[in-house]
Amino acid sequence: MKIRTERSTLLFNIVGYVVISILSLLCLLPFWLIISGSFSSEAEIVRDGFKIFPSEFTFSAYQSVFSNPQQIFKAYLVSISLTAVGTLLGLFFISMAGYVLSRKDFKYRNSLAFFIYFTTLFSGGMIPWYILIVKYLDWKDSYLALLVPMMIGAWNIILMKNFMKSIPESIVESAKIDGAGEFTIYSKLVLPLSTPGLATIGLFLGLAYWNDWFSANIFITTEAKYPLQFLLYKILASAAVLKTSVAANLSADFKPPTESLKMAVAIVVTGPIIFLYPFLQRYFVKGLTIGAVKG
Amino acid sequence: MKQGLTKMLSVFLMVSFMTGILAACGGGSGDDAATKAAAPKTESGKPDISKKVELNWYLVGDADKDSPQVIEKWNQMLAKDLNTTVKLNFMTWNDWQTKYNLLFASGEKIDMVFASSWSDFFKLSKQGAFLDLKDLLPTYAPETWKTVPEQDWKDVTVQGKILAVPSTYPEYTPDGIVYRDDWRQELNLPEIKDLDTMEQYYEGVKNGKKITPINGKAWNEVNTLFHYYNDFKNIGGDSGIIVAKSYDTPRDVVAYPFTDEFVTFVKRMKTWADKGFWTSSTLASQQEAGDFIKAGTGAAYWRNAPGASGFIMDVKKTNPNIKLAYFPFTHFHNYVVPNLGINNGMAIPKSAANPERSLMVLEKLRNDPEYYNLMTYGIKGRNYDFTEDGSIVSPAPGQDPAKVKGYGIASWGWRNIKNEHPAKDRWEGEAKLIEEFKAISKPDIFAPILMDYQPVKSQLAAVNQVFQQYGQPLMMGLVPDVDAAIETYRNKLKTAGVDTVLDYVTKQVATYADEKGLK
Amino acid sequence: MSGFIAELRKNKILFLMIAPVLVFFVVFSYFPMVGVYYAFTNYNFDGGLFGSPFVGMQNFKFLYESGALFSLTKNTVLYNLAFIFIGNLLQIVCAIFLSELTGKWFKKTTQSIMFLPFFISFVLVGAFVFNLFNTETGVINALLKQLGMHTYDFYMNTEPWKYIIVFFNVWKGLGYGTVIYLAAIMSISDEYHEAAKIDGANIFHRIRYITIPMLVPTFILLILLSLGGILKGQFDLFYQIIGSNGMLYETTDIIDTYVYRSLAVNFDIGMGTAAGLYQSFFGFVLIMSVNWIIKKTREDYALF
């Protein structure tokens, strides 16, 4: 009996390691090519495409990215602050709403879930959105335009609700009998039991804030307020426009290498956020959850 | 399901409730500016500048690293001369068209914005985005009013209203190709003069250098060649497949896929494609043909004339061993049309709070060399300096080129030939080319035709789609059977409603031609 | 109504806790939703949203009159179904392996690596695809040549592109989706597994009878969430991979790319909004019906 179990575990492990290794390789290889490309010369990329190792090693793409290091530093600061503040606030509101919706004894939970989900179906498009932010909220060129609109998303709330649904109702019930208020149950009991969910949604929120360049593109006009992503996309866009006929008369000396620049930008952007994930990973380790608390 | 319906109903009720609020707040912004336009003017006829105002301006493109300094200096001058300051906003190049359109929709108070035929000036004009400057110009911008040529004012007059101040910078921007003259000489190929010599050049470099002549995306190279070679003229901007058959027959409007010229041309392009003048994946490539010239694996690149000289100068710096030449497609029919004035210009949106003062600033900017040089070339002695003959050196001699660069923003909107200075480093062929163009210049009778596609917009959308799906591969010679592909293309166009669009455009052009007394 | 007030009184705190989110959606989603009205007007700046002339269904014409609407709808739906199902299944497989494998270092590293494609912009994905598949310098054709085989002209053949597109979409979302399932697995109580082990269940049994059933609600939820957007295509993915390559449209054209091409030269707010409204409405009807059916059969799994 014991031997059979071991054999199946062995088989599972062999298959598992092989599958995961292959998939990881498929994910790693392109990224490696990008790293290699970011250190290649422009002509080499145009001529030969992607290569495992560049034949002429150059920093020129990174020089273009960091041509104004102070600005990049500032942009990092803006991005990190926005990501941190936005993720924390967002998690708070989302988890609260998720908790309310997960309560089976809450009569309007389905209507409200519908009310929330409906927003993912229909949208009025960019113009009313822009008018709302600029004219009614007066958030043009304000960090609020980058922070608030992204904070709460219907998908995240519903996912959160789903994670919280797996918390046994008995826990909530017994706390109620002990006289705990709703907010106390949420903050003292439900939140600690929802760490995998919180980590997941937190990760998604963080990624969304970190990757968002579009809000800054349409709402921010002061260069000092640019988040990192937008600053980098701006460099890319100018590099691209300088090639077109539109800019034929633009006498700027700024002629960056566009191809290697694209890749350097990808690397610079991914750098810091990739460290967020290992940090979160401890919340995806077994044993932290219900079983542990209950026992 | 009944419960679902009530829910839906309540949502829609709520939406319509809020709609009411939005409507109440949104209305009425249209008329403000019109009444304002006639406002302050002192009795002596001199503009009243006693009130200090801050203007809100928008330009397309990026700011320069030195822009903060330049703008500060500019504002000091403006405060002294006009009791005004300007907040100059830059629309970075990312999705600039989207941002540009949003500006007008939002109702944000904007006193001046870059405007041009290539940023939808005519369409936005039709939709009522800009303020009529007719009554303001003589008072607030008298010199501009006098010096801008009559024809240029006409070009920006839409439905009887003058809606922009065009730049005054006569320019020729015909298309053509930049090619490797060093290779041509080395391989003993004839100079490019026409389609046959062009083919000989491509074939020569293809075989002699073992490269793809138009590497990367070759669509522009072929499409512009097609129009110039056949003298098909776009009507009122990019008119897609509906063109005037030649300069001399403006009323003869055709859908070119139905012409014999088209058949002859695509058959020829099929042979070019088969010979490998471009790659079979050319339509998917995102790489400019010019990049391959720099990398040594390309031999031709589409550029308009000023773009060509820019590219040639650029390559001279990065690859000094490459020698390039330019073949303008104007050589096919031996004439060229100058750009419309409104190829670049400045306009005032209807939402402007201070249109009068804004015009006064523009007047200064266009006509006062001190203002013009500062905002166009940057800070003298730093970003630029003049040589004795008045050409410009940038950055200024003595500055460290690693730290100080020439100044560059999208200043095209106020460009004025009177105050322009040529760069000291120029492509030597440029002056000759301009002389050549001047000699064969004819007025542009097609670009000023105002096309409003509103009544046929759904047919036009369908036609544009068919063009991209079936027309582009055909013109690139990438289809296995040309005759069958032409047949399919034409049928699809018919289904899309090409005849309706053609009839409509033909009528519009006829009306225009009657008005202007064209034959 | 009185029932509502009683409920409000009873669950005052719960209502207060969800109120910020509701206000948020009213302001940032429902309020701007008035913009759907653009779909029924000929927009001009003098009139604005409500002053522009009403034109009824005219803006929808370009979608159905050309006759392409059916095949576009079909393409879009099929692609999205492939993305959703293949993507989710692969993510589940990865999540299960990652939760059961023992090598800590291996697990951590591979999880991070699987997230990398998420950061690669579609522009670069497009460049990769071009570098892999183009005829002259592409990696695959270079390999074929070296092996002495015939080269294959991918850009002249429509067939392979379906698979290429699905592959890259699944590849890009792999790490992201895996996290959701991983978190769901982590919420499963250890007790179940321990009990099963004592009963002598091997690892395959435990996965089959414990892990997978516990993942089903999450799986269904994610499918349901995606259904509403079944007609909204991933524009960037298709646009960057296929570009303006008309020969490949037959199998790779979706509504978003079609609308983009139709309006690229002569953009019209009304027509753009109309296309979006069609996509939304289709998704709305679909999700309402599916949710209704699920509610009848397994109420627990319903979205609302």
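As a basis for the values below, the full set of heavy atoms in this structure was taken, side chains included, without hydrogen atoms, waters or symmetry mates. Convention: sequence-line order gives letters A, B, ...; per-chain numbering from 1.
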Look up atom [atom1] in [X] and atom [atom2] in [Y], then write down how far apart they are to the nearest 0.5 Å.
X	Y	atom1	atom2	value
B/Glu108	A/Ile131	CD	CD1	11.5 Å
A/Trp213	B/Asp95	CH2	CG	4.5 Å
A/Arg47	B/Lys294	CZ	NZ	14.0 Å
B/Leu103	A/Ile218	CG	CD1	11.0 Å
A/Glu259	B/Asp291	CD	CG	6.5 Å
B/Thr92	A/Glu223	OG1	CD	9.0 Å

Below 4.5 Å from any heavy atom of chain A, which atoms of [X] appear? Answer side chain, backbone, both or neither.
X	answer
B/Asn94	both
B/Tyr58	side chain
B/Asn89	side chain
B/Ser116	neither
B/Phe90	neither

Per-residue contact mode, [X] against chain B (heavy atom under 4.5 angstrom):
X	value
A/Val46	both
A/Tyr130	side chain
A/Tyr226	side chain

>> Please determine whether the number of non-hydrogen atoms from other residues, nucleotides or ligands lying under 6.0 Å from atom NZ of B/Lys316 exceeds 12.
In response: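 Atom NZ in B/Lys316 is packed in, count exceeds 12.
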
For [X] and [Y], work out which heavy atoms get closest and say how close.
X	Y	answer
A/Ala43	B/Ala295	O-CB, 3.7 Å
A/Ile127	B/Ala105	CG2-CB, 3.6 Å
A/Lys135	B/Ser106	CD-O, 3.4 Å

> Do B/Lys87 and A/Thr221 come close enough that some side-chain heavy atom pair is under 4.5 Å?
Replying inline: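 Yes; the side chains approach each other to less than 4.5 Å.
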
> Out of B/Thr297, B/Val60, B/Leu102, which one racks up the most heavy-atom pairs below 4.5 Å with chain A?
Replying inline: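 When all of B/Thr297, B/Val60, B/Leu102 are compared, B/Leu102 has the most.
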
